[in-house]
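Data block below; observations after.
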Amino acid sequence: MQAPSPSITLLQTRRSLKPVELVGPGPSPSDLDTLLTIASRVPDHGKLTPWRFIVFEGEAQLKAGAAVAAAFVARYPDATPDQIAFERRRLARAPLVIAVVSRAAPHVKIPEWSRCSPQAPPP
């Protein structure tokens, strides 16, 4: 029997972590660049690259956390100070946070559902 490829072994052993288990150090700048390059090569109908990556590190995590806390308070005006503080620090728990943002602009030949979802077309 042939040994599994490194790709198969990686997929078999990969596990998600709880946020409290995400500790530093984060990926090096070189590794981060490699990870984002690989992530940007996902299937892309029409080669439109409708996604953008926003990397939050250090002070940027705290600044974004303030926006998260403000949105939380707007949605939950009766939130306790502890709940608000928890949300404010949400993005600061990991060494870095990567947001993936889609900007699916209209396209003459490719419908939006095809650019935004791997699902079948709407009925």
Side-chain angles (χ1 to χ4, degrees):
M1 183 168 150
Q2 184 178 5
S5 73
S7 298
I8 297 296
T9 301
L10 173 67
L11 292 171
Q12 289 174 325
T13 59
R14 183 201 160 278
R15 296 290 179 262
S16 295
L17 297 174
K18 297 174 186 171
V20 297
E21 296 171 333
L22 295 173
V23 296
S28 69
S30 174
D31 285 346
L32 180 59
D33 185 55
T34 299
L35 290 168
L36 295 177
T37 298
I38 292 167
S40 70
R41 293 187 177 144
V42 299
D44 175 15
H45 189 183
K47 298 182 181 172
L48 302 175
T49 60
W51 49 85
R52 300 293 178 263
F53 302 107
I54 302 170
V55 178
F56 296 95
E57 290 184 271
E59 187 63 33
Q61 287 169 280
L62 299 176
K63 187 175 178 181
V68 169
F72 182 78
V73 169
R75 186 166 183 179
Y76 303 102
D78 295 331
T80 67
D82 285 346
Q83 290 171 320
I84 297 166
F86 183 86
E87 295 303 324
R88 182 173 285 112
R89 300 267 319 141
R90 179 175 290 279
L91 299 181
R93 288 183 230 142
L96 66 87
V97 174
I98 303 170
V100 182
V101 181
S102 174
R103 62 160 192 86
H107 190 277
V108 68
K109 292 184 179 180
I110 303 170
E112 186 174 358
W113 65 262
S114 178
R115 292 176 279 130
C116 296
S117 173
Q119 302 172 7

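Hydrogens, waters and symmetry mates are skipped; everything else that's a heavy atom, side chains included, is used.
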Next on the checklist: How close do Ala92 and Leu62 get, counting heavy atoms only, and between which atoms?
Outcome noted: CB-CD2, 3.8 Å
Checklist entry - Which atoms form the tightest heavy-atom contact between Ala79 and Gln83, and what is the distance? => result CA-OE1, 3.3 Å
Next on the checklist: Does Val55 form a side chain to side chain contact (heavy atoms under 4.5 Å, CB included) with Leu36? I'd like the steps, not just the answer.
Outcome noted: CA-CA 10 Å; Val55 178; Leu36 295 177; 4.0 Å; yes
Next on the checklist: side chain to side chain contact (heavy atoms under 4.5 Å, CB included), that's the test. Do Arg52 and Val100 meet it? Break it down for me.
Outcome noted: CA-CA 6 Å; Arg52 300 293 178 263; Val100 182; over 6 Å; no
Item to check | Inter-residue atom distance Thr13.OG1 - Ile8.CD1, 0.5 Å rounding | outcome: 11.0 Å
Item to check | Under the ring pair (Phe, Tyr, Trp, His ring centres under 6.0 Å) test, residues paired with Tyr76 that sit two or more places apart | outcome: Phe72
Next on the checklist: Nearest 0.5 Å, please: how far is CD in Glu21 from CZ in Arg15?
Outcome noted: 13.0 Å
Next on the checklist: Do Val101 and Val68 land in one hydrophobic cluster if side-chain heavy atoms of ILVMFWY residues count as linked below 4.5 Å?
Outcome noted: yes
Checklist entry - Distance from Thr37 atom OG1 to Phe53 atom CZ, nearest 0.5 Å? => result 9.0 Å
Next on the checklist: Same cluster or not: Leu32 versus Ile54, using hydrophobic residues (I, L, V, M, F, W, Y) connected whenever any side-chain heavy atoms lie under 4.5 Å apart?
Outcome noted: no
Next on the checklist: Contact between Thr34 and Pro27 at the side-chain level, heavy atoms closer than 4.5 Å - yes or no?
Outcome noted: no
Item to check | Non-hydrogen atoms of Pro77 and Ala74 that approach each other most closely | outcome: CD-O, 4.0 Å
Next on the checklist: Could you check whether any side-chain N or O of Gln61 sits under 3.5 Å from a backbone N or O of Ala94, counting only pairs where one atom can act as donor and the other as acceptor?
Outcome noted: yes
